[in-house]
Amino acid sequence: MKIDRRFTTQNADAYDSIEFRKTTSEIRNPDGSVVFSLDEVEVPKGWSQVAADVIAQKYFRKAGVPAALKKVAEDGVPEFLWRSVPDAAAQVAKGATYTGERSSKQVFDRLAGAWAYWGWKGGMFDTEEDASAYYDEMRYMLAAQMAAPNSPQWFNTGLHWAYGIDGPSQGHHYVDYKTGELVKSDSAYEHPQPHACFIQSVNDDLVNDGGIMDLWVREARLFKYGSGTGTNFSSLRGQNESLGGGGKSSGLMSFLKIGDRAAGAIKSGGTTRRAAKMVICDMDHPDIKDFISWKVREEQKVASLVAGSKMHELKLNEIFTAVRLWDGNEQDAFDPKANPSLKTAIKSAKKHAIPETYINRVLQYARQGYGSIEFPTYDTDWDSEAYVTVSGQNSNNSVRVTNAFLKAVQNDEPWELIRRTDGEVAQTVSARELWEDVGHAAWACADPGVQYHDTINSWHTCPEDGAIRGSNPCSEYMFLDDTACNLASMNLLKFYRDGKFQ
């Protein structure tokens, strides 16, 4: 492949025409406390502070970057593309071993370098000059915000090539460029996980390959390295459908809550808090009504936690106040019959549904000389303890609707919910009422979204390979189950000069 230089010059630094600056990046809690701080972050001068924060907080490798490096000679590979490993002796001499990335140049170099390295090994370049031109042009375009890969590329690509960072196999596979065969990787970063989003299938099976618990393992693998995933869970049997052992299924929702909790616990890309996850359910699933209202109920729980915790703090401390302000006989201070203020405070607490056990506990504290109680209160911040205690907060939820369902809604016809085990009708409901439930839920908590199954499949580019049943978390990628996308972005305005695209 012939590569022409458009923005860089041969034998010159790719960044010569780009000015860089140093900045500080911070993340603070609502109370002002610092969660993350990094000084002396080097980014292109033209970058906004938001862009600087994104690369520093999310994409810089925070640990394991050697303080000194040495090249590993490789036959048939140009010297400028030789990969690097830690130089132990030089690190000792410098008095430093491992650190983290602090310059955006390090990130641009490792991304473009790894791409050029594997491109060379795969025979994509005609000459060394073409490989060098590609390396320089890509570094320039990244720094100039003309192009950008997806998040997993920023997280993972080039860590092995640039720094020798590696780890044990994580269950990934890659296609060997020499043989064209699928190979299981024996390392974590030599062949990294670069794909942005996946659509994964799940079988109505508990523990075998392709089943429910296997899906949580596959999701964890993707989340750990910064990828997102979506799954249509409509193959799972509904609540109370028969099990092979004679029992009854706990239903779709019980398993969705397990996956939701797992996603919330995993640091996406090993750095940020949340995973990107899509959960989809067909409109004819027996548990569809519970699925639609799932997040609505959880939002109501949060509201109850917030209001209830604040009411507890207020009413329980009113009891303390009634005891503390009593100016009569000390023993009578704890007797509601003798202390009218205490009687009023207890009556008010009971009226506001404060449990009797808490009222008695506060009276016992007051007898021991305590004058107040610090009752934990919650707020409605999405990252607060209240939201951590409820389910359904770590995924985008969507319902999958067909033209047949929409016609039933239009004509106010009944709609059948179908058991997954035997295909029989589990329940018949009003299509219009079900559609109203979707609208109310979306109004109340922004979920579920709607995916139009028949319309999507009418635009299917590979219909012979099966129907499209799901999407990635953002829904811009809709394709077959068990596929992945590797999105990249081009900032076209950066290529627009003098009234035309260059």
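For the single chain, residues carry numbers from 1 onward in sequence order.
Between Ser201 and Thr231, the shortest heavy-atom distance links the atoms C-CG2, 4.3 Å. Between Ala431 and Phe405, the closest heavy-atom pair is O-CZ, 3.7 Å. Considering all non-hydrogen atoms of both residues, Lys70 and Pro86 come closest at CE-O, 3.7 Å. Counting all heavy atoms, side chain and backbone alike, Ser227 lies closest to Gln193 at OG-NE2, 2.8 Å. For the residue pair Pro149 and Leu111, the shortest heavy atom distance occurs at CG-CD1, 4.3 Å. In terms of heavy-atom proximity, Gln451 sits nearest to Met278 at NE2-CE, 4.1 Å.
Using a 4.5 Å cut-off on side-chain heavy atoms (C-beta onward), Trp415 and Met283 make contact. By the 4.5 Å heavy-atom criterion applied to side chains, Met124 and Asp130 are not counted as neighbours. Taking 4.5 Å as the limit, every side-chain heavy atom of Asn403 sits out of range of all side-chain heavy atoms of Tyr452.
The 12-atom threshold is not exceeded at NZ of Lys407, counting heavy atoms of other residues, nucleotides or ligands nearer than 6.0 Å. In the displayed structure, Met146 atom CE is contacted under 6.0 Å by more than 12 heavy atoms of other residues, nucleotides or ligands. Heavy-atom contacts from other residues, nucleotides or ligands closer than 6.0 Å to CD of Glu385 number more than 12.
Applying the ring pair (Phe, Tyr, Trp, His ring centres under 6.0 Å) criterion to Trp459, with sequence neighbours excluded, gives no partner residue. In terms of the salt bridge (charged side-chain N to carboxylate O under 4.0 Å, His left out) criterion, Glu476 has no residue partners (sequence neighbours excluded). For Asp422, the salt bridge (charged side-chain N to carboxylate O under 4.0 Å, His left out) criterion is met by Arg419, not counting sequence neighbours. Residues passing the salt bridge (charged side-chain N to carboxylate O under 4.0 Å, His left out) test with Asp447, sequence neighbours excluded: Lys295. Listed by chain and residue number, Glu42 satisfy the side-chain hydrogen bond (donor to acceptor under 3.5 Å, both in side chains) test with Ser103 (two or more places apart in sequence, or in another chain). Asp454 is linked by a salt bridge (charged side-chain N to carboxylate O under 4.0 Å, His left out) to nothing, counting only residues two or more places apart in sequence or in another chain. Every residue two or more places apart in sequence or in another chain that forms a ring pair (Phe, Tyr, Trp, His ring centres under 6.0 Å) with His191 is listed here: Trp118, Tyr174. Annotation: side-chain hydrogen bond (donor to acceptor under 3.5 Å, both in side chains) contacts of Ser293 (sequence neighbours excluded): Arg297. Partners of Trp154 by ring pair (Phe, Tyr, Trp, His ring centres under 6.0 Å), not counting sequence neighbours, listed by chain and number: Tyr59.
Below 30°, between 30° and 60°, or above 60°: for Tyr477 and Phe479 the angle between ring planes is between 30° and 60°, a tilted geometry.
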From CA spacing to verdict: side-chain contact (heavy atoms from CB on, under 4.5 Å), Trp120, Val77: CA-CA 7 Å; Trp120 175 267; Val77 176; 4.2 Å; yes

Steps toward side-chain contact (heavy atoms from CB on, under 4.5 Å) verdict (Cys281, Asn232): CA-CA 6 Å; Cys281 186; Asn232 188 322; 5.6 Å; no

From CA spacing to verdict: side-chain contact (heavy atoms from CB on, under 4.5 Å), Leu417, Thr428: CA-CA 6 Å; Leu417 307 183; Thr428 300; over 6 Å; no

Chi angles and distances behind the ring-ring contact (aromatic ring centres under 6.0 Å, His included) call for Tyr134, Phe125: CA-CA 9 Å; Tyr134 174 85; Phe125 304 114; 5.4 Å; yes

Residues Val279, Asn396; criterion side-chain contact (heavy atoms from CB on, under 4.5 Å); working and verdict: CA-CA 6 Å; Val279 175; Asn396 298 326; over 6 Å; no

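When atom types are taken as modelled, the side chain of Lys62 and the backbone of Phe60 share a donor-acceptor pair closer than 3.5 angstrom. Judged by distance alone, with hydrogens and angles left aside, the side-chain atoms of Arg61 form no donor-acceptor pair with the main-chain N or O of Phe155 at under 3.5 Å.
Looking at Lys121 and Glu74, a side-chain N of the basic residue comes within less than 4.0 Å of a carboxylate O on the acidic one, giving a salt bridge. Under a 4.0 Å N-O distance rule, the pair Arg139/Asp136 qualifies as a salt bridge.
Residue pairs meeting the salt bridge (Lys or Arg N to Asp or Glu O under 4.0 Å) criterion with at least one partner in residues 195-216, sequence neighbours excluded, are Asp204-Arg237, Asp214-Arg218. Applying the salt bridge (Lys or Arg N to Asp or Glu O under 4.0 Å) test to every pair with at least one member in residues 275-294, sequence neighbours left out, gives these pairs: Glu219-Lys277, Asp284-Arg420.
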Quick one: side chains of residues 160-168, donor-acceptor pairs under 3.5 Å with protein atoms, not counting sequence neighbours, listed by atom name and distance.
from, atom 1, to, atom 2, distance (Å)
Trp161, NE1, Leu81, O, 2.9
Tyr163, OH, Glu101, OE2, 2.7
Asp166, OD1, Ala188, N, 3.1
Asp166, OD1, Tyr189, N, 3.2

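In this structure, Tyr225 has its ring center closer than 6.0 angstrom to the ring center of His172.
In this model, a donor atom of one side chain and an acceptor atom of the other lie less than 3.5 Å apart for Thr23 and Gln49. With 3.5 Å as the limit, one finds a donor-acceptor pair spanning the side chains of Thr229 and Gln200.
Atoms CD1 and CD, on Ile418 and Gln427 in that order, are 11.0 Å from each other to the nearest 0.5 Å.
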